[in-house]
Amino acid sequence: MKATLATCNLNQWALDFDGNYNRIIESIKQAKAEGARYRLGSELEITGYSCEDHFLEEDTLQHSWESLKRIISNGHTDDILCDIGMPVMYKSVRYNCRVFICNGEILLIRPKIVLATEGNYREPRWFVPWQKGWTTEDYRLPSDLQEITKQNIVPIGCAVIETQDTIIASETCEELFAPFSPHIQLASNGVEIISNGSGSHHELRKLDTRLSLIRNATEKCGGVYLYANQQGCDGGRLYFDGCASIAQNGDILAQGSQFSINEIEVVTATVNLSDVRSYRGSRMSGAVQTSRAPTIPRIFADFRISDTKERNITIPKTKLKTHIPEEEIAFGPACWLWDYLRRSEAAGFFIPLSGGSDSGAVATIVGSMCQLVAKAIHDDVPHVTQDVQRMLGDECLEKIKTEFQDVLQASQYIAKHLLYTCYMGTTNSSKETRQRAKLLASEIGSYHLNIDIDSLVSNLRKMFSNITGKTPRFKTEGGSLVENQALQNIQARLRMVISYLFAQTLPWVRNRKGTLLVLGTGNVDEALRGYLTKYDCSSADINPIGGISKTDLRSFLRWAQENLSYPSLESILDAPPTAELEPITETYTQTDEEDMGMTYDELSRFGQLRKVDRCGPVSMFEKLVEEWNHLPPSEVADKVKYFFRNYSINRHKMTTLTPSYHAESYSPDDNRFDLRQFLYNTRWKRQFNNIDQRVKEIEEK
């Protein structure tokens, strides 16, 4: 017995109720066109996942019911079972729910059992998990919905849907990741099709875990598992990375894209329910456990999921598609930037391009975005074409379609209109970085400026001298550490001010409307160490690399050099990272790693141990003294203490970090992901004393 099922990636936007509704309806239409009798949508798809404290507002709940009413009243659920995500309030308590609807009838409101509460997620701030076990209660529908569905009361709670030919039930996002997932008990109650409407964000190297859990769920228990997800930026730092999938008995039958600028992607597969029953029947240990499983309430639906027409359909298995980290960096932030640009209605992006690897990586990611847009235009993707038409006008759109058949050339034409780059040099800047910035800008196609800001720096220095009677000097000129840092910070902060001046006015200079979004260029490691000037070029509107390590960024640039056709990246990679804020002499050239007092690789490891492994100074030392056994214990101790001292001194900078694309599990983003105090006792007296004692014990052995 075969059945065609549909799941989807939807590019929803928080509080965009009309846009979200239209995307839901289009996905249902596409599912029907593919012959599907069941359609699964993403978590909280009616509202968008990232409404956050807007979930506390009555308006959000009201608009959700309005959208559901439109879905039902317009006949979209006729001849298809739809599984839709939305918030529901019951007995004055908000729940994150799945709503099952078929032929205009609400069959079940299923609240989420396990809420996501770690890392980027704060679901218990807005919702309560269903804590009444496998039970249902009566939910009275809003009066206007009663008129449409002809139902006064519908069940709310944890139950399964029994159709004429199979049994269906759902999990929601985090429930798949929980140690004792609901799918175990659902499978033991004869559920053959388990769905998961999710709102899962992208993080480097995370997709393997998600796909492994989906496969393992069906390999261990047997059955069909559908996974739906949001895809895109729905209003915050996260990029929801799609990859809607359908699995059966441990095999992936169909898989959607992980990164895409399409708004709607429907993934269908034809499954064989007879194979599910045969698979389960052959696993006797599972049969014994099933025979004593607790009973879950069933909601009966007079509907068939299996194909009503006899069709000879083969059921292929597909090879798992996952991206290497370099591709994840190329496509994830690029898609996020495109959503942000088109939804903010800005005129483009502005990047202070230094000729170094960080700003070069940001420009390269925008170049990748332009290539994705160019390809979508050549493929006649309607909503991308409409957005480009709105941003650039009919003439530009026609040129892209007719004059630039090569994707790279088309992307360069798009970049010329959407990306503005500017090299801001001083006497401390080298000819090499100036040239590298110019070459990369040319290859990407940006509107590039090359300016000097020495006069501004000099005037500030003179103003200070006139007021105080003292003239600060760089350390190479015999100045103190305080003087040296102050002079570096003048240059860094001026670049931020100039960036916003040009971002606001350059479209006007080119007779275009709107202003530009300034892109930040600081990586996650520098933020963790505090190796940045507060309110310098690290301060921007958004930052596509603020959650990516220096090590990963350099690997990405090597990949992009060949795969995105930007050959000048080779010279950027060959150059040692430097801020170029101090004078270059015959005996001294400023470099990042020397300034920081640690390598980027060491810094990445400190970040992983601090956040991912939840290590304080002592436990970090205990791990590293074994891991870095090529170093004497006293040197490892000095490195750990030096890191924590600098981390705590600079922690206040994390409170002002530019909102960044979340990509790394050790991001120090104070505002959402890494919640810690910002006033530390920087001496760490007890912790450092314990480390010294451990060094002494190890050396005595």
Side-chain angles (χ1 to χ4, degrees), residues 257 259-262 323 326-327 329-342 346-351 353 355 359-423 435-450 506-507 509-512 514 516-517 519 544 556-573:
S257 63
F259 307 111
S260 173
I261 57 175
N262 291 335
H323 292 280
E326 291 82 359
E327 291 172 329
I329 295 170
F331 302 134
C335 293
W336 182 75
L337 284 176
W338 175 246
D339 278 346
Y340 205 102
L341 178 63
R342 68 193 182 91
F349 297 120
F350 181 91
I351 301 174
L353 194 60
S359 64
V362 174
T364 300
I365 288 169
V366 178
S368 175
M369 180 202 82
C370 292
Q371 291 191 28
L372 291 173
V373 172
K375 187 176 185 306
I377 292 173
H378 289 165
D379 291 342
D380 290 322
V381 178
H383 73 90
V384 176
T385 302
Q386 291 165 9
D387 285 328
V388 171
Q389 185 178 35
R390 175 179 54 81
M391 291 180 190
L392 305 182
D394 294 334
E395 184 178 345
C396 287
L397 178 62
E398 189 61 28
K399 275 192 174 183
I400 297 167
K401 286 183 174 182
T402 59
E403 295 184 23
F404 301 105
Q405 294 305 311
D406 178 76
V407 168
L408 180 61
Q409 291 180 346
S411 73
Q412 290 169 336
Y413 181 77
I414 294 169
K416 183 64 72 176
H417 292 80
L418 294 181
L419 176 59
Y420 298 68
T421 54
C422 181
Y423 181 88
Q435 183 64 15
R436 290 198 295 267
K438 182 179 179 181
L439 280 175
L440 181 60
S442 174
E443 290 170 359
I444 293 171
S446 68
Y447 179 91
H448 185 66
L449 297 175
N450 192 333
L506 281 178
V509 169
R510 299 179 73 189
N511 297 314
R512 294 187 58 203
L516 307 175
L517 294 166
L519 297 186
F556 157 66
L557 291 176
R558 289 189 197 96
W559 177 91
Q561 178 187 339
E562 180 177 345
N563 292 277
L564 296 180
S565 301
Y566 301 143
S568 68
L569 292 175
E570 181 178 7
S571 62
I572 291 175
L573 283 164

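We number each residue from 1, following the sequence as shown.
- Inter-residue side-chain proximity for Glu326 and Asn563 is flagged as unmet; no heavy-atom pair is nearer than 4.5 Å.
- Within a 6.0 Å sphere centred on CD of Glu395, heavy atoms belonging to other residues, nucleotides or ligands number 12 at most.
- Side-chain contact between Leu569 and Leu564 is absent, with no heavy-atom pair separated by less than 4.5 Å.
- Between Ser568 atom OG and Gln435 atom CD the span is 9.5 Å, to the nearest 0.5 Å.
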Task: Stepwise side chain to side chain contact (heavy atoms under 4.5 Å, CB included) check, Leu392 with Leu397 - done: CA-CA 7 Å; Leu392 305 182; Leu397 178 62; over 6 Å; no

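- Taking 4.5 Å as the limit, some side-chain heavy atom of Phe556 sits within range of a side-chain heavy atom of Thr364.
- Rounded to the nearest 0.5 Å, atoms NE2 (His378) and NZ (Lys375) are 10.5 Å apart.
- Partners of Ser257 according to the side-chain contact (heavy atoms from CB on, under 4.5 Å) rule, which considers only residues two or more places apart in sequence or in another chain, are Asn9, Gln231, Ser260, Glu265.
- Nearest approach of Arg390 to Arg342, heavy atoms of both residues: NH2-O, 3.1 Å.
- The backbone N or O of Leu408 lies less than 3.5 Å from a partner atom in the side chain of Asp406, making a donor-acceptor pair.
- Contact between Ile351 and Ala363 at its shortest, heavy atoms only, is CD1-CA, 3.6 Å.
- For Asn511, there are no side-chain contact (heavy atoms from CB on, under 4.5 Å) partners at least two apart in sequence or on another chain.
- In terms of modelled atom types and a separation under 3.5 Å, the side chain of Thr385 and the main chain of Val381 share a donor-acceptor contact.
- When all heavy atoms of Ala376 and Ile261 are compared, the closest pair comes out as CB-CD1, 3.8 Å.
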Let me check something: any side-chain donor-acceptor pairs from residues 412-423 under 3.5 Å, sequence neighbours excluded? List them with distances.
residue : atom : partner : partner atom : Å
Gln412  : NE2  : Glu443  : O            : 2.7
Lys416  : NZ   : Ser446  : O            : 3.3
His417  : ND1  : Tyr413  : O            : 2.9
Tyr420  : OH   : Arg510  : NH1          : 3.2
Tyr420  : OH   : Arg512  : NH1          : 3.3
Thr421  : OG1  : Ser446  : OG           : 2.7
Thr421  : OG1  : His448  : ND1          : 2.7
Tyr423  : OH   : Thr433  : OG1          : 2.8

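- In this structure, the side chain of His323 does not engage the main chain of Ile329 through any donor-acceptor pair within 3.5 Å.
- When every heavy atom of Leu341 is checked against every heavy atom of Met369, the shortest pair comes out as CD2-CE, 4.3 Å.
- For the pair Val362/Phe349, no side-chain contact is recorded, criterion being any heavy-atom separation below 4.5 Å from C-beta on.
- Taken from CG in Leu573 to CG in Leu557, the straight-line distance is 5.0 Å, to the nearest 0.5 Å.
- Taking CZ from Phe350 and CG from Leu519, the interatomic distance works out to 10.0 Å, rounded to the nearest 0.5 Å.
- A pairwise comparison of heavy atoms in Ala441 and Leu353 identifies CB-CD2, 4.2 Å as the closest pair.
- Put simply, CD1 on Ile400 and SG on Cys370 are 9.5 Å apart, with the number rounded to the nearest 0.5 Å.
- Not one N or O on the side chain of Glu570 forms a donor-acceptor pair closer than 3.5 Å with the backbone of Tyr566.
- You'll find the side chain of Val366 reaches within 4.5 Å of the side chain of Leu337, heavy atoms only.
- Side chains of Pro507 and Leu516 form a contact here, defined as non-hydrogen atoms less than 4.5 Å apart.
- Looking at heavy atoms from C-beta onward, Cys335 lies in side-chain contact with Leu372 at the 4.5 angstrom threshold.
- Nearest approach of Gly367 to Ile444, heavy atoms of both residues: CA-CG2, 3.9 Å.
- Atoms CE and CG, from Met391 and Asp387 in turn, are 5.5 Å apart once rounded to the nearest 0.5 Å.
- A distance-only check finds a donor-acceptor pair linking the side chain of Ser368 to the backbone of Ala330 [under 3.5 Å].
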